[in-house]
Amino acid sequence: MCGTCGCSTTPDSLERLPKEEATETVSVLSNLLSKNNHAAAHNREHLDRAGVLCINLMSSPGAGKTALLEATIDALAGRYRIGVIEGDLETENDAERIRAKGVPAVQISTGTACHLDAHMVHRALHDLTLGDLDILFIENVGNLVCPASFDLGHHLNVTLLSTTEGDDKPAKYPVMFRSTDLMLLTKGDLLAVLDDFQPERAEAALRNLANAAPCLTVSSRDADSLAPWLNWLDARVADLKQGAPLNPVMQPDGALMHAAE
């Protein structure tokens with residue numbers, strides 16, 4: 001999808017390259033991740049020092065990340081001070097929706113890149129006053145592949161899977177769902193009219209990846225359905241305040257970004 005993360009690089013494509021070129025490609029990708037991870041650690045230090053919980057929201061396009069953020073901001077008004085970093089290829093549409101809620105939002109336009117990286121987030125952090133925040137959400141670029149490979153300096157990953165998608169998405173996109181700390185099944189209000197999406201099958205697909213992360217069904221149109229999600233956020237804020245180590249699950253260092261499954 002883009003020329004910066006190596007997402008077109010697979011074991012098969014490397015085998016087709018001359019040995020020297022394949023070796024050089026893997027070396028460049030390893031260096032890219034190493035520099036990214038260094039910047040991510042720097043970002044996390046700033047967030048830890050300020051006591052700001054940072055959540056990376058990932059999903060395919062249209063899964064409802066911005067709608068969830070709007071509903072969450074409404075539900076948490078007066079309890080937490082929230083900031084948002086928005087990632088899209090173009091436009092400030094999502095950031096404008098968040099600002100309309102009275103919440104600071106910084107838009108990152110990635111151009112052709114299909115994910116955010118730690119350097120982009122570092123620049124965005126300079127446009128926010130961390131001392132004025134309790135929770136910072138990063139709405140990553142809509143994509144179920146590359147965002148899972150880049151540590152942004154955040155604390156936890158939350159992956160959205162909407163009921164309008166297949167309930168076998170965790171099986172099809174294992175790298176993304178292996179790294180999630182919480183799976184949210186969004187647009188839960190549509191389950192009544194969708195007979196081809198079974199929450200139980202989606203959760204079973206997650207468990208087949210040896211991931212014990214909670215699986216919650218929510219609807220941004222139903223405030224009551226958000227309670228378990230809000231309780232989860234409360235618990236994570238408390239974890240951070242108590243000094244619990246919060247680090248996102250990433251692929252093992254040196255692993256190919258898109259290992260064959």
Would you please name every residue forming a salt bridge (Lys or Arg N to Asp or Glu O under 4.0 Å) with [X], sequence neighbours left out?
X	answer
Glu203	Arg207
Asp167	Arg201
Lys35	none
Arg99	Glu92

Please tell me whether [X] and [Y] are part of a single hydrophobic cluster in this structure, the criterion being side-chain heavy atoms less than 4.5 Å apart.
X	Y	answer
Leu246	Val52	no
Leu152	Leu156	no
Leu160	Leu216	yes
Leu57	Met176	no
Val141	Val158	no

According to the salt bridge (charged side-chain N to carboxylate O under 4.0 Å, His left out) rule, which pairs have a member within residues 127-139, sequence neighbours left out? Arg81-Asp134
Using atom types as modelled, flag every donor-acceptor pair under 3.5 Å from a side chain in residues 223-232 to any protein atom, sequence neighbours excluded.
from, atom 1, to, atom 2, distance (Å)
Ser225, OG, Ser219, N, 2.9
Ser225, OG, Ser219, O, 3.1
Ser225, OG, Asp222, O, 2.7
Trp229, NE1, Thr72, OG1, 2.8
Asn231, ND2, Ala227, O, 3.3

Is it the case that the side chain of [X] and the backbone of [Y] share a donor-acceptor pair, with hydrogens and angles ignored and the cut-off at 3.5 Å?
X	Y	value
Asn56	Asn157	no
His155	Cys54	yes
Asp151	Gly153	yes
Thr180	Leu182	yes
Thr163	Lys187	yes
Asp181	Pro248	no

Distance from [X] atom [atom1] to [Y] atom [atom2], nearest 0.5 Å?
X	Y	atom1	atom2	result
Thr66	Asp88	OG1	CG	7.0 Å
Ile98	Leu69	CD1	CG	5.0 Å
Leu184	Ser220	CG	OG	9.5 Å
Ile55	Ile82	CD1	CD1	11.0 Å
Leu191	Phe197	CG	CZ	7.0 Å
Leu47	Leu136	CG	CG	6.5 Å

Hey, can you pull the donor-acceptor pairs under 3.5 Å for the side chains in residues 235-242, sequence neighbours left out?
from, atom 1, to, atom 2, distance (Å)
Arg236, NE, Asp239, OD2, 2.8
Arg236, NH2, Asp239, OD2, 3.1

Write down the atom of [X], the atom of [Y], and the distance for their closest heavy-atom approach.
X	Y	result
Cys114	Cys146	SG-SG, 3.4 Å
Gly83	Val103	CA-CG1, 4.0 Å
Ala205	Pro170	CB-CB, 3.8 Å

When you compare the side chain of [Y] with that of [X], does any pair of heavy atoms fall below 4.5 Å?
X	Y	answer
Ile73	Phe137	no
Phe150	Leu33	yes
Ser179	Met58	yes
Thr110	His115	no
Leu144	Glu165	yes

Non-neighbouring partners of Thr186 that pass side chain to side chain donor-acceptor pair (under 3.5 Å), sequence neighbours left out: none
Would you call Glu70 and Arg97 a salt bridge, using N to O less than 4.0 angstrom? yes
Side chains of residues 117-125: which donor-acceptor pairs under 3.5 Å do they make with residues two or more places apart or in other chains?
from, atom 1, to, atom 2, distance (Å)
Asp117, OD1, His119, N, 3.0
Asp117, OD1, Met120, N, 2.9
His122, ND1, Asn43, OD1, 3.2
His122, NE2, His126, NE2, 3.1

So, using side chain to side chain contact (heavy atoms under 4.5 Å, CB included) as the criterion, who are the partners of [X] when residues are at least two apart?
X	answer
Pro104	Leu128, Leu133
His46	His42, Arg49, Leu130
Thr91	Asn93

Test salt bridge (charged side-chain N to carboxylate O under 4.0 Å, His left out) applied to Asp94 and Lys65, step by step: CA-CA 10 Å; Asp94 291 348; Lys65 294 188 297 297; over 6 Å; no
If you count heavy atoms of other groups shown closer than 6.0 angstrom to CZ of Arg79, is the number above 12? yes
